[in-house]
**Student:** 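Quick one: structure below, then a few questions.
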Amino acid sequence: MGAFYNSICLPGSRPAEVRRSVERWLLGRGFRRSQEAVLFDLDGDSERSVFLVWNDRWTIIYFSHWGEERRLIRELQTKRAPLAYVWVYDSDVWGVDLFDAHGFAGSFSSDPRDHQSFADEVVPGEQRPPLDPESMVELLGLDPELAPQIAATMKKVSPFQEEICQELCALMDVQPAAASYDDLETGKLEGTLEGWNRDQWVYFDYHRALETIEGDLDLHGVEIDGAPPPGWEEQATKQVRLSPELQAEMEQMRRRARFMFFVVRPISWLAKAWRKLYELSFFRLAPKESTEPIRRSPVSVERTATATRHEVRNHRHGVRMLLPAGVEPLEVSGKPATVFSFRCGDTAVVCTARRLRHLWEVLKPPGLSKVLRQEKFKIGPLLARHVLFELPPSRFAPGPDHRYLALHVVQTYRALYVFLYRFTGSIEPEVEELIRTAVESFREDEPVPGAVRRRSLGSAVR
């Protein structure tokens, strides 16, 4: 999959003005500003988030919900603040839209037959005029000598359209604009933000959040209606039993997937290798400084290796673990909810953070599964729970009949930390023991005394 990104760029340093506009807009839609640390992935229905990046020349906005950006742009359109909307679609098409107080002041797409910005909005042609570089530099207050260079950039051709978009942003001296909200969230722009200020605001739907209730891990049970009925494995299999025609069609799809894996994927590898050679000036006489930003995750995980253990620490969440010998730490993404990842033999364990109010969802058994084991325990002052499920047979994933899903849940004063892993074929007691040892080493950097139990609802609206 190619690159997708979009950003809203306003000339000048306008963080306070933009903040007021965004808050006024979201306040009218029932959202309130959150004061809590960003520890979880956004709830797509009840939360919104904005990254703001600015310096003396530009203010850049990255919004969490791209489908609502057109409405946000309308909120930002004023006589004092024209703006540019920069976007790339799947590395195939790039473009820029210019707005003034009246609407579109100019619009450019490298391939309008393939894609245009705000494709869901029907705009008559006369209300969406072509982008004129001379008008663009005048409206945005750029050096008039840039107009011919911008015009030449708009005519360029490349197999990777984001590279052309990056060139345009470099001409405008707004390099971070060639990025997405996800790039900011995962820390991929750390190497390109020197000299820029950055801030993030998260908003939540106040009325919706008030309907939630927190749980207590020590009191909450695994929601099962007694033991599974006799013949539950056969019942699960019957629910996914397919007609011969559909089975034949699915087998044909599997053959196509295998073809894609063994034929098309090597072609993709060759394309990536060609691009690397191209970037190393294979076709260029002079070396060119790479425009790829330094990717540094905002989740800083430290590893201190000794003869018997690894220490891993997540600074965003303020938690740490000691991994015993035989357990190796793995890289984690920069997403807020991703905390730790490690491997024990062939079993990978991922730890994610969940909101306290989602306890019922965390402990809800998968459909038609059977609870083989559940145990309450403590890790110092922290409440913890271990649950092992046997999953029903799957006709869609041929392989061993027995599949198991296991989780450890640790409750702190502000989050549930869920360690999730699977076994296929049989349960491995020695692996379970190592994972349990690692989980029992979980610690908070600054634990809050007496805060492990239920908090008041008012303190956890998010």
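Positions are given from 1 along the sequence. All of these numbers come straight from a predicted model, not from anything done at the bench.
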**Student:** Could you pull out all residues at least two apart from R20 that satisfy salt bridge (charged side-chain N to carboxylate O under 4.0 Å, His left out)?
**Tutor:**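 Listed in chain order: nothing, the list is empty.
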**Student:** Is there side-chain contact between Q411 and L356, with at least one heavy-atom pair below 4.5 Å?
**Tutor:**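 Contact flag for Q411/L356 side chains = yes.
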**Student:** Would you indicate whether the side-chain heavy atoms of L382 and E444 approach each other to under 4.5 Å?
**Tutor:**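 E444 reaches L382 side chain to side chain.
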**Student:** Given L98 and D132, is the side chain to side chain contact (heavy atoms under 4.5 Å, CB included) satisfied, shown in steps?
**Tutor:** CA-CA 10 Å; L98 196 62; D132 175 44; over 6 Å; no
**Student:** V339 and V332: side chain to side chain contact (heavy atoms under 4.5 Å, CB included), yes or no, with the steps?
**Tutor:** CA-CA 7 Å; V339 185; V332 298; over 6 Å; no
**Student:** Pairing donors with acceptors under 3.5 angstrom, does anything connect the side chains of Y85 and E69?
**Tutor:**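 Note: Y85 and E69 side chains meet the donor-acceptor criterion.
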**Student:** Filter on salt bridge (Lys or Arg N to Asp or Glu O under 4.0 Å), then keep only pairs touching residues 95-111, sequence neighbours left out; what's left?
**Tutor:**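 Listed by first then second residue: D97-R128, D111-R113.
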**Student:** Start with the C-alpha distance between R355 and L39, add both sets of side-chain angles, then the distance that settles side chain to side chain contact (heavy atoms under 4.5 Å, CB included), and finish with yes or no.
**Tutor:** CA-CA 9 Å; R355 291 176 172 83; L39 301 179; over 6 Å; no
**Student:** Could you check if a side-chain atom of I8 sits within less than 4.5 angstrom of a side-chain atom of V18, using non-hydrogen atoms only?
**Tutor:**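 SC-SC contact between I8 and V18 ruled out.
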**Student:** Examine W94 together with F108 and report whether their ring centres are nearer than 6.0 Å.
**Tutor:**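 That pair passes the under 6.0 Å test.
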**Student:** Hey, is the main chain of S158 close enough, under 3.5 Å, to the side chain of Q161 for a donor-acceptor pair?
**Tutor:**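 Indeed, once roles are kept as given, a pair shorter than 3.5 Å links the two residues.
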**Student:** Which residues satisfy the side chain to side chain contact (heavy atoms under 4.5 Å, CB included) test with A178, sequence neighbours excluded?
**Tutor:**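 Testing A178 for side chain to side chain contact (heavy atoms under 4.5 Å, CB included), a comparison that skips the adjacent residues, returns Y5, Q166, C169.
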**Student:** Please name all residues satisfying salt bridge (charged side-chain N to carboxylate O under 4.0 Å, His left out) with R198, sequence neighbours left out, ordered by chain then number.
**Tutor:**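 Result, salt bridge (charged side-chain N to carboxylate O under 4.0 Å, His left out) vs R198: E190.
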**Student:** Considering residues, nucleotides and ligands other than E134, do more than 12 of their heavy atoms fall under 6.0 Å from its CD?
**Tutor:**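 Incorrect, the count does not exceed 12.
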**Student:** Output the distance between atom CZ (R313) and atom CZ (R443), rounded to the nearest 0.5 Å.
**Tutor:**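 CZ of R443 is found 12.5 Å from CZ of R313.
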**Student:** Supply the atom-to-atom distance H315 NE2 to D445 CG, rounded to the nearest 0.5 angstrom.
**Tutor:**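 The CG atom of D445 is 7.5 Å from NE2 of H315, to the nearest 0.5 Å.
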**Student:** Measuring from atom CZ of R354 to atom CG of D41, what distance do you get when rounded to the nearest 0.5 angstrom?
**Tutor:**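 Those atoms lie 9.0 Å apart.
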**Student:** Would you check if the side chain of T59 reaches a backbone N or O of G12 as a donor-acceptor pair within less than 3.5 Å?
**Tutor:**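 Confirmed, T59 side chain pairs with G12 backbone.
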**Student:** Would I60 and W196 count as a side chain to side chain contact (heavy atoms under 4.5 Å, CB included) if you check the C-alpha gap in whole Å, the side-chain angles of each, and the deciding distance to 0.1 Å?
**Tutor:** CA-CA 10 Å; I60 312 173; W196 293 78; 3.8 Å; yes
**Student:** Should the pair D205-R48 be classified as a salt bridge under the 4.0 Å nitrogen-to-oxygen rule?
**Tutor:**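 Looking at D205 and R48, the cut-off is not met.
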**Student:** Identify, with sequence neighbours excluded, every residue that meets salt bridge (charged side-chain N to carboxylate O under 4.0 Å, His left out) alongside E23.
**Tutor:**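 Listed in chain order: R33.
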**Student:** Are R29 and E75 close enough for a salt bridge, meaning some N to O gap below 4.0 Å?
**Tutor:**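 A salt bridge is absent here (no side-chain N lies under 4.0 Å from a carboxylate O).
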**Student:** Once you measure the plane-to-plane angle for Y417 and H317, does it fall in the parallel (<30°), tilted (30-60°) or perpendicular (>60°) bin?
**Tutor:**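 The rings of Y417 and H317 stand perpendicular, inter-plane angle above 60°.
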**Student:** With sequence neighbours excluded, what pairs up with R70 under the side-chain hydrogen bond (donor to acceptor under 3.5 Å, both in side chains) test?
**Tutor:**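 R70 satisfies side-chain hydrogen bond (donor to acceptor under 3.5 Å, both in side chains) with Q77, E121 only.
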**Student:** Please verify the inter-ring angle class for W25 with F63; under 30° counts as parallel, over 60° as perpendicular, anything in between as tilted.
**Tutor:**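 Taking F63 first and then W25, their aromatic rings sit tilted (interplane angle of 30° to 60°).
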**Student:** Considering only heavy atoms from C-beta outward, does the side chain of H65 approach that of R71 to under 4.5 Å?
**Tutor:**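 They are not in side-chain contact.
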**Student:** If I take atom CZ from residue F442 and atom SG from residue C351, how far apart are they, to the nearest 0.5 angstrom?
**Tutor:**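 So the CZ of F442 and the SG of C351 are separated by 6.0 Å.
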**Student:** I need the Y62 OH to S7 OG distance, nearest 0.5 Å.
**Tutor:**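 The distance works out to 5.5 Å.
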**Student:** Under a 4.5 Å cut-off applied to non-hydrogen side-chain atoms, are V387 and V409 in contact?
**Tutor:**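 No - every pair of side-chain heavy atoms lies 4.5 Å or more apart.
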**Student:** Run R414 and E36 through salt bridge (charged side-chain N to carboxylate O under 4.0 Å, His left out) and show every step you take.
**Tutor:** CA-CA 10 Å; R414 59 181 180 177; E36 295 188 3; over 6 Å; no
**Student:** For the residue pair V86 and C165, establish whether any side-chain heavy-atom pair is separated by less than 4.5 Å.
**Tutor:**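 Yes. Closest side-chain heavy atoms under 4.5 Å.
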**Student:** To the nearest 0.5 Å, tell me how far L193 CG sits from L184 CG.
**Tutor:**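 Answer rounded to 0.5 Å: 6.5 Å.
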**Student:** Please work out whether the ring planes of F99 and F104 are parallel, tilted or perpendicular, with thresholds of 30° and 60°.
**Tutor:**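 F99 vs F104 ring planes: tilted.
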**Student:** Could you pull out all residues at least two apart from L27 that satisfy side chain to side chain contact (heavy atoms under 4.5 Å, CB included)?
**Tutor:**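 Residues passing side chain to side chain contact (heavy atoms under 4.5 Å, CB included) with L27: R32.
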**Student:** Using side chain to side chain contact (heavy atoms under 4.5 Å, CB included) as the criterion, list what pairs up with A438, not counting sequence neighbours.
**Tutor:**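 Checked A438 against side chain to side chain contact (heavy atoms under 4.5 Å, CB included); matches are M321, L323, P324, F342.
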**Student:** Which pairs, with at least one residue in residues 142-159 and sequence neighbours excluded, count as a salt bridge (Lys or Arg N to Asp or Glu O under 4.0 Å)?
**Tutor:**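 Qualifying pairs: K156-E167.
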**Student:** For P366, enumerate each residue passing the side chain to side chain contact (heavy atoms under 4.5 Å, CB included) test, keeping only those at least two apart in sequence or located in another chain.
**Tutor:**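 For P366 the side chain to side chain contact (heavy atoms under 4.5 Å, CB included) partners, ignoring immediate neighbours, are S369, F389, L391, L405.
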**Student:** Measuring only between side-chain heavy atoms, which start at C-beta, is D92 closer than 4.5 Å to H115?
**Tutor:**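 SC-SC contact between D92 and H115 ruled out.
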**Student:** Begin from the C-alpha positions of D199 and R19 and carry the test salt bridge (charged side-chain N to carboxylate O under 4.0 Å, His left out) through to its verdict.
**Tutor:** CA-CA 10 Å; D199 197 8; R19 184 182 293 110; 3.6 Å; yes
**Student:** Can you name the residues that form a salt bridge (charged side-chain N to carboxylate O under 4.0 Å, His left out) with D114, not counting sequence neighbours?
**Tutor:**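 Counting only residues at least two positions away or on another chain, D114 forms no salt bridge (charged side-chain N to carboxylate O under 4.0 Å, His left out).
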**Student:** Hey, mind stepping through Y89 and S109 against side-chain hydrogen bond (donor to acceptor under 3.5 Å, both in side chains) and telling me if it holds?
**Tutor:** CA-CA 10 Å; Y89 181 80; S109 170; over 6 Å; no
**Student:** Quick one: does any side-chain atom of S341 pair with a main-chain N or O of V350 as donor and acceptor, under 3.5 Å?
**Tutor:**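 Such a contact is absent between S341 side chain and V350 backbone.
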**Student:** Using side-chain heavy atoms (C-beta onward) and a distance below 4.5 Å, is V410 in contact with V439?
**Tutor:**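 Touching, per the 4.5 Å side-chain cut-off.
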**Student:** Using distance only, find each side-chain donor-acceptor pair of residues 50-57 under 3.5 Å and give its atom names and separation, not counting sequence neighbours.
**Tutor:**
residue : atom : partner : partner atom : Å
N55     : OD1  : R57     : N            : 2.8
N55     : OD1  : W58     : N            : 2.8

